[in-house]
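This is a predicted model, so every value here is computed, not measured. Letters go in sequence order (proteins before strands), and every chain restarts at 1.
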There are 2 protein chains.
Amino acid sequence: MDIAKQLSHIPLFQGLEPQYLETLARIAVKKFFKRGETVFAEGDPGIGFHIITSGRIKVYKTSPDGKEQILHIMSQGEPFGEVPVFTGQRFPAYAEAIADTNTLFMPRDDFMNLIRTEPSVALSMLSVLSMRLKRFTSLIEDLSLREVPGRLAAYLLYLSERDQGTDDINLEISKTQLASILGTIPETLSRILARMTREAIIESDDKRHVRICDRTAIEELAAGERRLA
Amino acid sequence: MDIAKQLSHIPLFQGLEPQYLETLARIAVKKFFKRGETVFAEGDPGIGFHIITSGRIKVYKTSPDGKEQILHIMSQGEPFGEVPVFTGQRFPAYAEAIADTNTLFMPRDDFMNLIRTEPSVALSMLSVLSMRLKRFTSLIEDLSLREVPGRLAAYLLYLSERDQGTDDINLEISKTQLASILGTIPETLSRILARMTREAIIESDDKRHVRICDRTAIEELAAGERRLA
DNA sequence: CGTGCGCTTGACTTTTTTCAATAAAGGTGG
DNA sequence: CCACCTTTATTGAAAAAAGTCAAGCGCACG
């Protein structure tokens, strides 16, 4: 597919004039990653960043003994790996394809040149990084100030809201990965889902799906006004 | 003092041409906050950001029951509160002066105009936000993958390194605030400092000072290769 | 048709928090 | 300069939350 056309659908480049899209299209490199493949590792030098055109990527940290904390899961249209482009340092985390994924790779130097001549791209990128800081802020708040049931409740509300307030939530990821997003382990998540089911707050099958039965209870859990028995 | 001169010392504006410094100086507004005063609250609209010229600011989140997680402590030359400038949304956290503090306040619209005409400022700001993302990444890693002794050890190493590798570390903040940075409570921190002292890894008096006695042990704790008895 | 991975559950351990009490330090006003 | 009061730090005992280890189930995939 035509790269310029793909680029024109990326939020980061919305409103960019066609001539610059052409420039970008010339410098962008198509890449493909098989499910399970590592895109970059913590400590790798960051010579550019990726934009996802299809598939899904998880960005995560690991502990010496193998536990994993997912920082975000990125899908179509989202850029990732930009931090070392602007700090000039190395990747602070790992990235791995959790589905077969196509990306456009933007080499650092070319992209920096574009930014120098095209302020709207700089502003878009500032917005992207700021949104990400905001999300990290929430994640830190969750990890530090809430217990796992509260984090789970907040996450379910977030997914529900993103899908127009539906009660039928498609997790889209495995429960093991959900545990890693919530900063816990599968056993703990499993137990808490069981408790919430027992209290008729949710229904949960094993098919990456959760149904909210008592939204008020979920909201109270997320707000810390309620606890599970 | 002359605002343009103050601005010329701010890393964010290094290398900016004098004419732009003059422009900035005209739009910047001097502000003063007394120790304990709130600079902004979570949810406030972000009509601009601050740059610290003297003093110290803590940026933090709170839980319903009053526990507090410090996101960062900012001092001279550092900007804070930029996120809503670029997201167009509200402040995602609180900011409070923990010492008498002077800032330069940069109104959003004027600053955005500067960025549109001066790419070097945009690049500086991208660098600032990227560094912050990197630090948040570490904080998330700490909170999720390490226990409190490991976090404390990593923090001590960070402070030591920042001060040219000295063994005599000046915390500069109260132990209550250190606990809040580490994502725990004063009691837990106190106990862990006591255990580390008992094992002759550190010496800790109550005067915002810690001395590293066994650096290897600290490094092993930070790397998760060792645990306290 | 088995092998493996994801998920669940139970029993147990570890870590951290909570609650309470005390001690020490620092600032304020007389 | 001292008494007083608030804040900060420490310690113990008990409770709660989450993690570890181990076992078992079921479904998907080769």
Legend entry - Nearest-angstrom distance from the residue atom CG of A:L145 to P of D:dA17: 16 Å

Inset, instruction - Would you kindly give the CD-to-P distance between A:E172 and C:dG6, to the nearest whole Å? - result: 18 Å

Legend entry - Sugar-phosphate only, base, or nothing, as touched by A:K207 at under 4.0 Å among non-hydrogen atoms: nothing

Legend entry - A:A194, nearest nucleotide to its side chain (from C:dT9, C:dG6, D:dG19): C:dT9

Legend entry - Interatomic distance where CZ belongs to B:R208 and C1' belongs to D:dT10 [whole Å]: 17 Å

Legend entry - Interatomic distance, A:E187 CD vs D:dA23 C1' [rounded to whole Å]: 12 Å

Inset, instruction - Using side chain to side chain donor-acceptor pair (under 3.5 Å) as the criterion, point out the one residue from A:T101, A:D100, A:N102 that pairs with A:S54. - result: A:N102

Legend entry - Presence of donor-acceptor pair under 3.5 Å, side chain of B:R191 and base of C:dT18: yes

Inset, instruction - Give a yes/no answer on whether the side chain of B:R227 brings an N or O atom under 4.0 Å of OP1 or OP2 in C:dT15. - result: yes

Legend entry - Rounded distance in Å - CG (A:L178) to C1' (C:dT8): 15 Å

Legend entry - Under 4.0 angstrom between A:T176 side-chain N/O and C:dC7 OP1 or OP2: yes

Legend entry - Heavy-atom neighbours of A:K134 NZ exceed 12 at 6.0 Å: no

Inset, instruction - Check whether any side-chain N or O of B:R146 sits under 3.5 Å from a backbone N or O of B:A222 as a donor-acceptor pair, and report yes or no. - result: yes

Legend entry - Out of C:dT8, D:dA9, C:dC7, whichever nucleotide has its closest atom nearest the side chain of A:S190: C:dT8

Inset, instruction - On the 0 to 90° scale, with breaks at 30° and 60°, tag the B:F33-B:H50 ring pair as parallel, tilted or perpendicular. - result: perpendicular

Inset, instruction - Give a yes/no answer on whether the side chain of B:T188 brings an N or O atom under 4.0 Å of OP1 or OP2 in C:dT15. - result: no

Legend entry - N or O in side chain of A:T184 less than 4.0 angstrom from D:dG19 OP1/OP2: yes

Inset, instruction - Evaluate the criterion salt bridge (charged side-chain N to carboxylate O under 4.0 Å, His left out) for residue pair A:R211 and A:D168; output intermediate values, then yes/no. - result: CA-CA 5 Å; A:R211 169 194 285 267; A:D168 275 293; 3.5 Å; yes

Legend entry - Interatomic distance, B:I185 CD1 vs D:dA9 P [rounded to whole Å]: 13 Å

Inset, instruction - Check the distance between D:dT8's P and B:I98's CD1 and give it to me in whole angstrom. - result: 11 Å

Inset, instruction - Please tell me which of the listed nucleotides, C:dC19, D:dA18, C:dC7, lies nearest to the side chain of A:P149? - result: D:dA18

Inset, instruction - Round to a whole Å and report the spacing from CD of A:E147 to P of C:dT18. - result: 8 Å

